[in-house]
Chemist: 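Right, I'll just put the structure down here and ask away after.
In the text below, chain A, chain B and the rest are named by the order of the sequence lines, each starting its count at 1. Computed from a prediction, not measured in an experiment: that's the story for all the values here. Scope of the values below: all heavy atoms of this structure, side chains included, with no hydrogens, waters or symmetry mates.
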Number of protein chains: 2
Amino acid sequence: MFPTLQITVKGLLPTASYSFMVDFSCIDNKRYRYSFHQSKWVVAGPSDAELPSRLHVHGDSPALGDHWMKQVIAFDEIKLTNNQLDQNGHVIVNSMHRYQPNIHIIVTDSNNDYICKNTYVFPETTFMAVTAYQNHRVTELKIESNPFSKGFRECEIEEIQALAGFRFPFSPLLKNYFL
Amino acid sequence: MFPTLQITVKGLLPTASYSFMVDFSCIDNKRYRYSFHQSKWVVAGPSDAELPSRLHVHGDSPALGDHWMKQVIAFDEIKLTNNQLDQNGHVIVNSMHRYQPNIHIIVTDSNNDYICKNTYVFPETTFMAVTAYQNHRVTELKIESNPFSKGFRECEIEEIQALAGFRFPFSPLLKNYFL
DNA sequence: CTATTATCACCTAGGTGCGAAAGT
DNA sequence: ACTTTCGCACCTAGGTGATAATAG
């Protein structure tokens, strides 16, 4: 899942135990398709049948409030799949449906038994699940922003940097500019 | 550090909180050199000055007894250095000295405050710290056993497997045997 | 026709010993 | 003469979109 869902938290009890979890809810009961003509997503019918969302538990859970508060909490281990039979623990979603990630903060006692939870929802994190990008500008945005997509960047300076193996303007070997 | 130091534990309290740590003690006050003639390490003088060993804390710490008991505990994040000024948190050792890893299990309360600890020492894990292998049979052993050294293996079958991209005797494409 | 899957080249990130060079 | 450092090729491991093949 890129970009990565990440949050910072304040106000936890430093020595209390918390677990952080994320699930995904289908935002409406609709299936979408992308209208190339209108350059936007349009409703294509009612939503497909959906299994209850799998809960993704942040790998640091359970941990003390102190731990969660001292750095950005990144849910960079979340993987999505459209395979309803998935055995890898990935979160199952329906392609062409809109989703909203929900962040749950669970408070547990020293035995990690449940005490209570709060749920936080950030509407700006909604997204459309797809198996292929429908809009080239989204592709471009991802290529520009994801380090693993550097091989697809067209920006000239980036290409030369990749060939040269170093960053301007610090060149250990000037001749490498023209490989 | 390869091979990786790893242990299994039994008999912890499933809901008590533990931290696992390793430090390294110089086994004797001697510096060694490798006698190629005698094919063994011989004492070369008194040990060099040594700073107190850095403590390596297992990344899962603190965690419940339950967590530690349900899988092998691998200290695969330990890194050794001979740089006394190291800033990366690696464990500092003197080259050409013999070391013994010591495993500490610390029990903490729900606030992660210290309660008590036990230390376990396995003499079969002693090793000589080096900056270059002194005995080619050690090099060979490491090349054969470490997956990251596959590029140096001479065993023919391994080489062909690497080229073919699959393992005998299950060949998706027989012609690939002779690449 | 549209959506999905599988394979691929191309990356990031980092763990190996080799061998030349440098240090002591 | 012995020890250490550094850049290198070669790996493991896995995250990208492109593309062609497949499914429905």
Chemist: How many Å lie between CG on A:N83 and P on D:dA23, as a whole number?
Modeler: 16 Å
Chemist: Can you identify which nucleotide, out of D:dT16, C:dT4, C:dC18, has its nearest atom closest to the B:H136 side chain?
Modeler: C:dC18
Chemist: Quick one about B:S47 and B:H97 (side-chain donor to acceptor, distance below 3.5 Å, no hydrogens or angles considered), yes or no?
Modeler: no
Chemist: Once you round it to whole Å, what is the distance between P of C:dG14 and CZ of B:F148?
Modeler: 12 Å
Chemist: Hydrogens and angles aside, do A:D109 and A:S17 bring a side-chain donor and acceptor to less than 3.5 Å of each other?
Modeler: no
Chemist: Taking the nucleotide of DNA chain D with the closest heavy atom to each, which residue, B:G151 or B:M96, is nearer the 5' end?
Modeler: B:M96
Chemist: Counting side-chain heavy atoms from CB outward, which of C:dA3, D:dT3, D:dT16 is closest to A:Q134?
Modeler: C:dA3
Chemist: Write down the distance between CG (A:D48) and P (C:dT4), rounded to a whole number of angstrom.
Modeler: 9 Å
Chemist: Between A:M128 (CE) and C:dT4 (P), how many Å, whole number?
Modeler: 12 Å
Chemist: Mind calculating the distance between CD (A:E144) and C1' (D:dT16) to the nearest angstrom?
Modeler: 13 Å
Chemist: Would you kindly give the CG-to-C1' distance between A:N88 and D:dG14, to the nearest whole Å?
Modeler: 14 Å
Chemist: Hey, which of these two, A:F152 or B:T139, hits DNA chain C nearer its 5' end, going by closest nucleotide?
Modeler: A:F152
Chemist: Side chain of B:N146 only, heavy atoms from C-beta on: which candidate in D:dT12, C:dT4, C:dT16 is closest?
Modeler: C:dT16
Chemist: Parallel, tilted or perpendicular: which one describes the rings of B:Y34 and B:F36, with boundaries at 30° and 60°?
Modeler: perpendicular
Chemist: Taking the minimum atom-to-atom distance to the side chain of A:T131, which one of D:dA9, D:dT3, C:dT5 wins?
Modeler: C:dT5
Chemist: D:dT19 P sits how many Å from A:I143 CD1, rounded?
Modeler: 10 Å
Chemist: So, are B:R31 and B:D48 salt-bridged, with charged N and O less than 4.0 Å apart?
Modeler: yes
Chemist: With a 4.0 Å cutoff (strictly under), does any side-chain N or O of A:S95 reach OP1 or OP2 of C:dT4?
Modeler: yes
Chemist: In whole angstrom, give the distance that lies between atom NZ of A:K142 and atom P of D:dG17.
Modeler: 6 Å
Chemist: Which listed nucleotide (C:dT16, D:dT4, C:dC11) is nearest to the side chain of A:K150?
Modeler: C:dC11
Chemist: I'd like to know if B:D23 pairs up with B:R54 as an ion pair, taking the criterion as any Lys NZ or Arg NE/NH1/NH2 lying under 4.0 Å from an Asp or Glu carboxylate oxygen.
Modeler: no
